[in-house]
Amino acid sequence: MTTLFISDLHLEESRPDITEAFLGFLDGKASGVDQLYILGDFFEAWIGDDERTPLQEQIATALRKLRDNGTRIFLMHGNRDFLIGQDFCDRAGATLLDDPTVIDLYGTPTLLMHGDSLCTADVEYQKFRANMRNPQWQQMILQRPLKDRQQMARQLREISMAKNQGKEEFIMDVTPEEVVKDLETHGVQRMIHGHTHRPAVHELTANGSPAKRIVLGDWDKNAWWLEAEPGKEEPELFKEPL
């Protein structure tokens with residue numbers, strides 16, 4: 001029995017090395033595991049389930065094969081692919097998770113998040129996040145022609161890259177007080193998230209007791225995953241070069 005967690009693959013046509021590594025991951029490490037959790041930014045951009053590019057169809061088919069072989073797949077929105085909908089999940093055999101979600105991970109309640117909501121020092125981004133997670137805003141965007149949405153995605157990416165270059169590192173990392181707040185709100189001692197591209201295991205205190213925050217890595221130069229098994233005290237982070 002094994003559960004795997006990944007995030008921040010940022011799959012896109014211009015990075016076939018990441019796609020190849022992920023497909024190999026599905027055929028190798030993920031083959032036969034109980035559960036695979038994908039905690040956001042799975043794709044570099046997503047403008048609606050109606051786009052259906054060859055890459056998107058290839059990934060959906062690979063995930064469906066894994067699901068048909070018995071692995072349950074769970075998918076959470078990130079800040080780049082928040083428009084992934086039920087149609088894609090049905091094709092991929094995945095279950096869409098709310099952000100945040102608490103699961104029972106082999107007897108330990110564990111809070112799963114993408115992680116962008118923890119970066120509260122970035123006030124400008126949090127305002128943008130609130131808008132893009134609004135169902136009415138999303139519906140309005142999805143009603144626009146596909147070409148308009150493709151152009152919008154390119155513009156948003158350029159704006160985001162330009163703004164991030166001028167931000168201090170602490171602004172783009174999590175706010176420690178927000179981490180504790182979320183752990184205590186959900187009454188748990190363990191959190192798993194991605195987004196920050198700073199893979200690590202952090203020890204802290206929440207609810208008056210020791211707690212842990214596990215950060216998943218992004219798939220750029222390495223493939224990162226977290227592996228949990230029953231009987232093991234804590235999940236373990238792994239990486240392999242792409």
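Everything numeric here is computed off the predicted structure, so don't read it as measured data. Hydrogens, waters and symmetry mates are skipped; everything else that's a heavy atom, side chains included, is used.
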Are side-chain heavy atoms of Phe82 and His114 found at a separation under 4.5 Å? no
Side chains of Leu36 and Leu26 in contact at under 4.5 Å (non-hydrogen atoms): yes
Derivation and outcome, salt bridge (charged side-chain N to carboxylate O under 4.0 Å, His left out), residues Asp99 and Arg129: CA-CA 13 Å; Asp99 180 6; Arg129 184 183 189 277; 3.5 Å; yes
Connected via hydrophobic side-chain network under 4.5 Å: Met76 and Leu226: yes
Specify whether Phe74 and Tyr37 have parallel, tilted or perpendicular ring planes, treating 30° as the upper limit for parallel and 60° as the lower limit for perpendicular. parallel
Measuring only between side-chain heavy atoms, which start at C-beta, is Arg80 closer than 4.5 Å to Phe43? no
For the atom pair CD1 (Ile38) and CZ (Phe5), what is the distance rounded to the nearest 0.5 Å? 12.0 Å
On a heavy-atom basis, which atom in Leu39 and which in Ser7 lie closest, and how many Å separate them? O-CB, 3.6 Å
For the pair Arg15 and Asp220, evaluate side-chain contact (heavy atoms from CB on, under 4.5 Å) and give the outcome as yes or no after the intermediate values. CA-CA 9 Å; Arg15 290 296 305 268; Asp220 180 18; 2.9 Å; yes
Nearest 0.5 Å, please: how far is CD in Glu177 from OG1 in Thr120? 7.5 Å
Has Asp81 got a side-chain atom pairing as donor or acceptor with Phe42's backbone, closer than 3.5 angstrom? yes
Residue Asp104 excluded, over 12 heavy atoms near CG under 6.0 Å: yes
Checking the side chain of Thr71 only, and the main-chain atoms of Val33 only, is there a donor and an acceptor separated by less than 3.5 Å? yes
Just by modelled atom types, is the Arg72 backbone N or O under 3.5 Å from a matching donor or acceptor in the Asp34 side chain? no
Students often mix this up, so state it plainly: with edges at 30° and 60°, are the rings of Phe25 and Phe22 parallel, tilted or perpendicular? parallel
Could you walk me through whether Cys89 and Leu75 satisfy the side-chain contact (heavy atoms from CB on, under 4.5 Å) test, starting with their C-alpha distance in whole Å, then the side-chain angles of each, then the deciding distance to 0.1 Å, before giving a yes or no? CA-CA 8 Å; Cys89 289; Leu75 179 62; 4.1 Å; yes
Nearest atoms (heavy-atom pairs only) where Arg133 meets His77: NH2-O, 4.0 Å
Heavy-atom closest pair, residues Leu66 and Ala30: CD1-O, 3.5 Å
Could you list all the salt bridge (charged side-chain N to carboxylate O under 4.0 Å, His left out) pairs where at least one residue sits in residues 46-57, not counting sequence neighbours? Asp50-Arg149, Arg52-Glu57, Glu57-Arg91
Please check if Ile6 and Val215 belong to a single hydrophobic cluster, counting links between Ile, Leu, Val, Met, Phe, Trp and Tyr side chain heavy atoms closer than 4.5 Å. no
Donor-acceptor pair, Asp41 side chain versus His10 backbone, under 3.5 Å? no
Is there side-chain contact between Arg144 and Met152, with at least one heavy-atom pair below 4.5 Å? yes
Approximate separation, where rounding is to 0.5 Å, of Leu118 CG and Lys181 NZ: 10.5 Å
Donor-acceptor pair, distance only, cut-off 3.5 Å: does the side chain of Glu229 make one with the backbone of Thr2? no
Residue pair Leu23, Ile59: steps toward the side-chain contact (heavy atoms from CB on, under 4.5 Å) verdict: CA-CA 8 Å; Leu23 295 175; Ile59 296 301; 4.2 Å; yes
Any link between Trp137 and Leu146 through a network of hydrophobic side chains (Ile, Leu, Val, Met, Phe, Trp, Tyr) touching at under 4.5 Å? no
Considering all heavy atoms of both residues, which atom of Thr19 and which atom of Glu12 are nearest to each other, and what is their separation? OG1-O, 4.3 Å
Heavy-atom pair with the smallest gap, counting every atom of Leu204 and Val180: CD1-CG2, 3.8 Å
Cluster link Ile47 to Ile141, ILVMFWY, side chain under 4.5 Å: no
Indicate yes or no for a side-chain donor-acceptor contact from Trp219 to the backbone of Trp224 under 3.5 Å, with no hydrogens or angles considered. yes
Donor-acceptor contact below 3.5 Å, side chain Gln126 vs main chain Asp116: yes
Tell me the closest heavy-atom pair linking Pro109 and Gly107, and the distance in Å. CD-O, 3.7 Å
Count I, L, V, M, F, W, Y as connected when their side-chain heavy atoms are under 4.5 Å apart, and connections chain through other members. Are Leu55 and Leu9 then in the same cluster? yes
Any donor and acceptor pair, going by atom type alone, linking the side chain of Thr110 with main-chain N or O of Thr108 inside 3.5 Å? yes
Spacing of Leu83 atom CG and Phe88 atom CZ [to the nearest 0.5 Å]: 13.0 Å
Any chance CD of Glu20 has more than 12 other-residue heavy atoms, nucleotides or ligands included, within less than 6.0 Å? no
Atom OG in Ser117, atom CD in Glu178: separation rounded to 0.5 Å? 7.0 Å
Does any N or O in the side chain of Asn134 come within less than 3.5 Å of the main-chain N or O of Gln136, such that one atom is a donor and the other an acceptor? yes
Once you round to the nearest 0.5 Å, how far does CG of Leu216 lie from CH2 of Trp225? 12.5 Å
Side chains of residues 230-242: which donor-acceptor pairs under 3.5 Å do they make with residues two or more places apart or in other chains?
unit_1: Glu234; atom_1: OE1; unit_2: Arg190; atom_2: NE; d: 3.4
unit_1: Glu234; atom_1: OE1; unit_2: Arg190; atom_2: NH2; d: 3.2

Can you check side-chain contact (heavy atoms from CB on, under 4.5 Å) on His195 and Val174, steps first, answer last? CA-CA 9 Å; His195 179 66; Val174 303; over 6 Å; no
Gln189 side chain to Lys212 backbone, donor-acceptor under 3.5 Å: no
